[in-house]
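Data block below; observations after.
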Amino acid sequence: SWSSAVALLVNVYIIAVMGVLFVKTSSSDEGLPHGSCVLGVGKGSISMLAVLGQCFVVQMCVLPMYEELEDRNPRTFKHCLLIAFGVLAV
């Protein structure tokens, strides 16, 4: 569907922007922040990779969850997701 294509393109865009910013930062006069290794891995890098991984995984989980929803419609599913992610945020 078109929404899946948009989600995929957004993920590709985010990864591309991060790659471009890394190359710009590492090749600038200032260089990478203090405490980064040669590959640019520093504080927060592992967390960022985990978040990117979750972005991809959640997209694959959405359709099976929607399929199991009784009397499914987009409004009900949105409500369920908001509650679930709200609980996760707490």
Side-chain angles (χ1 to χ4, degrees):
S1 76
W2 68 270
S3 60
S4 295
V6 170
L8 178 65
L9 290 175
V10 167
N11 283 323
V12 170
Y13 174 74
I14 290 171
I15 292 170
V17 166
M18 286 179 21
V20 168
L21 289 175
F22 172 75
V23 170
K24 277 185 176 180
T25 304
S26 62
S27 63
S28 71
D29 292 335
E30 297 174 12
L32 294 172
H34 179 69
S36 298
C37 72
V38 176
L39 298 176
V41 177
K43 293 180 179 178
S45 297
I46 303 301
S47 298
M48 180 55 100
L49 290 175
V51 169
L52 280 173
Q54 289 174 1
C55 291
F56 290 115
V57 170
V58 165
Q59 292 175 25
M60 291 183 278
C61 296
V62 168
L63 290 177
M65 288 189 302
Y66 186 75
E67 185 179 20
E68 292 182 15
L69 185 64
E70 289 182 19
D71 300 323
R72 59 185 170 261
N73 61 50
R75 184 176 180 181
T76 305
F77 189 63
K78 177 183 171 184
H79 185 69
C80 291
L81 284 179
L82 288 174
I83 291 172
F85 283 117
V87 168
L88 284 174
V90 173

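Since the model is a prediction, treat every value here as computed from it, not as a measurement. We're numbering straight along the sequence, starting at 1.
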Could you go through residues 60-72 and list every donor-acceptor pair under 3.5 Å that involves a side-chain atom there, pairing it with any protein atom two or more places apart or in another chain?
from: Arg72; atom 1: NH1; to: Glu67; atom 2: O; distance (Å): 2.8

- Message: Is there a path of hydrophobic side-chain contacts, each under 4.5 Å between heavy atoms of I/L/V/M/F/W/Y residues, joining Leu9 to Val17?
- Response: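 No, Val17 does not connect to Leu9 through the hydrophobic network.
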- Message: Test of understanding: clusters of I, L, V, M, F, W, Y form through side-chain heavy atoms closer than 4.5 Å, transitively. Do Val87 and Phe77 belong to the same one?
- Response: no
